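Within every chain, numbering begins at 1; the chains are lettered A, B, ... in the order of the sequence lines, protein sequences first and strands thereafter. Just so it is clear, the structure is predicted and the values come from calculations on it, not from any experiment.
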2 protein chains.
Amino acid sequence: MERKTYRDGGSRPLTEYPRPSVAVDTAVLTLDPDVGLVVLEVRRPTRRGWALPGTFLHEGERLADAVDRSLHVKANVRGLRPRQLQVFDDPSRDDRGWVLSVAHIEVVHADRLSSRFADATRLVPVGTPGRLPYDHAEIVARAADDLRRRYRDQPDPDRLLGDEFTLRALRLAHEAVAGQALQRDSFRRAMEPGLVATGVTTAGGRGRPAELFRRRVS
Amino acid sequence: MERKTYRDGGSRPLTEYPRPSVAVDTAVLTLDPDVGLVVLEVRRPTRRGWALPGTFLHEGERLADAVDRSLHVKANVRGLRPRQLQVFDDPSRDDRGWVLSVAHIEVVHADRLSSRFADATRLVPVGTPGRLPYDHAEIVARAADDLRRRYRDQPDPDRLLGDEFTLRALRLAHEAVAGQALQRDSFRRAMEPGLVATGVTTAGGRGRPAELFRRRVS
DNA sequence: TAAATAGTGTCTCTCAGACACTATGTC
DNA sequence: GACATAGTGTCTGAGAGACACTATTTA
């Protein structure tokens, strides 16, 4: 042995420290045009009921990759970019043993979920996520809260909409996130600094055609 | 065996999953009246240089307890309330093996650090933390950033000061956190909704005595 | 009295909120 | 034309920022 002291001042080699299992759990949020902000839930394999998709971390794997993998395996959804929310570390939170869970949030366009397993998944309004195991109800609440903060100042920062959209579509998305109606004119003025007009206008709907905007790259 | 499927849809029992070591690292921030916002660093036991205090998580231990333990053992500091910042999960971040680190931030009154080991610790301005190993420089930057956001609206939410303080002391603390001078009158009016006047005034200093305030419990 | 600091009145500028008007499409 | 929606002018009230004045202490 070269060294005799270790990172915590103790004398045990790294391999002798007991190690927790590490899981990831993800609140995948998207926008249902009719229902509003919804969260993806999957059937629990071992018990009745529904839960957020999650998995154990594999050896040498990044947390974000474990999130991607769990969504692929459990819901047939791919190619997303999760953000960390919080670590849940209550040693007794999982009766199968010592399991830390890193909660994530993932916000996606509804199209991304069109390929999801029809039977094994469901989309539920974030306000009424149903009975969820572990800390999943808290994860959903925190995810919705996190989203509301992010959407207050910027136009659709998590790309619930596509690259181009009308101010009406943008406002409806923000209203779904905020959970309340927003003033049409104030909203426009608040968002305009973060938008770039394309000069193109929509057609076909009722009323005057609206211009399409992009997010400002900043 | 009762069950044959597991949380990730695989068929292995929980004990067969490879597990990472989990560490905590903490940015302890405090206020030096002369220097400003400073961070606590400890001597690295195995190599040259300084690092943030940290330790490996013990079996069944809460993250916050591991933070407390590491500060006690490495710096002789106790009784604090850490907040989680972020998990660092690069599999190659630690050359001793697969180690996840949960970064924490801890903000304390300078008195709490008076008992710290004189030789094995130092307090360094957050803007110039020196050469730090692992992701510690990023942790310090994020901690300072986090603190700035928290201090924008509320009067000293993390109790860098005691229970009672003058508006001058409060403003100097907020200026140290913000890294810039703040307008005296605007600052007072911005903070007053979060304060309760005690009716007691200080004496002994130069100039007109100032009233002492407490934080509003809300 | 001079200097230093505390506390407050007030002006201005900006901006959110609200209302209302004009513009331009479909039915 | 009736209706629906887009886009914008404008009024108002709240609040941040800035300046200046008064108040109260020490040296």
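No donor-acceptor pair closer than 3.5 Å links the side chain of A/Asp94 to the backbone N or O of A/Val99. No donor-acceptor distance shorter than 3.5 angstrom exists from the side chain of A/Glu175 to the backbone of A/Leu172, with no hydrogens or angles considered.
At least one side-chain heavy atom of B/Leu52 sits less than 4.5 Å from a side-chain heavy atom of B/Val39. Looking at B/Arg93 and B/Phe88, their side chains come closer than 4.5 Å, going by heavy atoms from C-beta outward.
Residues satisfying the side chain to side chain contact (heavy atoms under 4.5 Å, CB included) criterion with A/Ala173, sequence neighbours excluded, are A/Leu31, A/Leu161.
Sorted by first and then second residue, the ring pair (Phe, Tyr, Trp, His ring centres under 6.0 Å) pairs involving residues 177-213 of chain A (not counting sequence neighbours) are A/His174-A/Phe187. For residues 29-41 of chain B, the pairs satisfying side-chain hydrogen bond (donor to acceptor under 3.5 Å, both in side chains) are B/Glu41-B/Arg122, with sequence neighbours left out.
Contacts between residues 201-213 of chain B and DNA chain C, defined by a heavy-atom separation below 4.0 Å, involve B/Arg206, B/Gly207, B/Arg208, B/Pro209, B/Ala210, B/Glu211, listed by number. Using a 4.0 Å cutoff on non-hydrogen atoms, no part of residues 157-182 of chain B comes near DNA chain D.
Ion pair A/Asp146/A/Arg83 flagged as a salt bridge, since at least one NZ, NE, NH1 or NH2 atom sits closer than 4.0 Å to an Asp/Glu carboxylate oxygen. By the 4.0 Å N-to-carboxylate-O rule, B/Asp163 lies too far from B/Arg214 to be salt-bridged with it. A salt bridge between A/Arg150 and A/Asp158 is present, with a side-chain N of the basic residue lying under 4.0 Å from a carboxylate O of the acidic one.
Taking only side-chain nitrogens and oxygens, B/Gln183 comes nearer than 4.0 Å to OP1 or OP2 of D/dA18.
Atoms CG (A/Asp153) and C1' (C/dC15) sit 14 Å apart, rounded to a whole Å. A straight line from CZ of A/Arg152 to P of C/dA16 spans 12 Å, rounded to a whole angstrom. Nucleotide C/dA6 holds its P atom 16 Å from the CE atom of B/Met191, rounded to whole Å.
The residue among B/Ala190 and B/Arg184 whose nearest nucleotide of DNA chain D is located toward the 5' end is B/Ala190.
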Protein within reach of the bases, or only the backbone? For nucleotides 9-14 of chain C, mark each nucleotide 5' to 3' as B, S or -, using heavy atoms under 4.0 Å.
BB----
Between A/Tyr134 and A/Asp90, is the side-chain contact (heavy atoms from CB on, under 4.5 Å) condition met? List the steps.
CA-CA 10 Å; A/Tyr134 310 110; A/Asp90 184 343; over 6 Å; no
